[in-house]
Amino acid sequence: MSRHIALIAGSSQPSSQSAKVAHWLAASLQRQGCETSVIELGQQTLPLWPEADSKGVWPEISATLRSADALVVISPEWHGMASPALKNLFMYAGRRELAHKPALLVGVSGGQGGSYPLAELRASSYKNCRVCYLPEHLIVRNAEQVMNPGEPASEDDQRIRARADWAMALLLDYTDALAPLHERHRSPPADWMNGM
């Protein structure tokens, strides 16, 4: 079964550790037989909601998200918060793109943090788009030292790579299990279009 996974690198910086992690995870998914698309918000800059999208960035991102069977949402930690670019994307994304699709949250930290953005995204980003976050997540700490090209550079690097491969396999199991729900429930009755 061919599966398409979209990975969202949530940093607004054009060259980021979040993008590096996204491409590493995409390669892991490709080794498991998946098609992948990486959306780098540092390269595909959405205007701040509700400004007009005069450059037409959103239709391309929307099409990628609609065609995806699942997502990997990667957030850097900036001052203990999720990135503004990623939060802004969830202002654009709705149920047509994401309803009842599984998503794995991934935190990226230059130090020992990374958990606060995941809690923030779990609390507020799913409401109207109805994305289904897995109960598991991944936190890539000391991001500059891990998931770089080549062989693992340390025991920590080897461990996060193994954990990441396991998390990607788990996401694929959820992808298979939730596929029918997306088709059946992405358009709720008009009275229930928005979350409570």
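We use all heavy atoms of the structure for the numbers below, so side chains are in, but hydrogens, waters and symmetry mates are not.
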State whether the number of non-hydrogen atoms from other residues, nucleotides or ligands found under 6.0 Å of [X] atom [atom1] is greater than 12.
X: Gln30; atom1: CD; value: yes
X: Tyr92; atom1: OH; value: yes
X: Glu144; atom1: CD; value: yes
X: Gln145; atom1: CD; value: yes
X: Arg122; atom1: CZ; value: yes

If I compare all heavy atoms of [X] with all of [Y], which pair ends up nearest, and what's the gap?
X: Ala143; Y: Lys20; answer: O-NZ, 2.5 Å
X: Leu178; Y: Cys132; answer: CD1-CB, 4.1 Å
X: Arg66; Y: Lys101; answer: O-NZ, 3.1 Å
X: Gly111; Y: Arg141; answer: O-CB, 3.3 Å
X: Ser75; Y: Ser83; answer: OG-N, 3.6 Å
X: Arg163; Y: Leu138; answer: CG-CD1, 3.5 Å

| message | Run the salt bridge (charged side-chain N to carboxylate O under 4.0 Å, His left out) test on Asp176 and Arg3 for me, step by step, so that the C-alpha distance in whole Å, both residues' side-chain angles and the decisive distance to 0.1 Å come before the verdict. | response | CA-CA 9 Å; Asp176 294 342; Arg3 292 163 290 199; 3.0 Å; yes

| said: Does the plane of the ring in Tyr133 sit parallel, tilted or perpendicular to the ring in Phe90? Use 30° and 60° as the thresholds. | reply: perpendicular

| Pair Thr45-Lys55, side-chain hydrogen bond (donor to acceptor under 3.5 Å, both in side chains): steps then yes or no | CA-CA 9 Å; Thr45 306; Lys55 295 182 181 175; over 6 Å; no

Going hydrophobic residue to hydrophobic residue with side-chain gaps under 4.5 angstrom, can you get from [X] over to [Y]?
X: Leu41; Y: Met81; value: no
X: Val131; Y: Leu46; value: yes
X: Leu170; Y: Val106; value: yes
X: Trp78; Y: Val108; value: no

| Donor-acceptor contact present, side-chain Glu35 to main-chain His4, <3.5 Å | no

| query | Please walk me through it: do Arg161 and Asp165 pass salt bridge (charged side-chain N to carboxylate O under 4.0 Å, His left out)? | reply | CA-CA 6 Å; Arg161 289 174 186 226; Asp165 284 339; over 6 Å; no

| said: Ile5 and side-chain contact (heavy atoms from CB on, under 4.5 Å): which single residue from Leu171, Leu104, Leu25 fits? | reply: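 Among Leu171, Leu104, Leu25, the one that satisfies the side-chain contact (heavy atoms from CB on, under 4.5 Å) with Ile5 is Leu171.
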
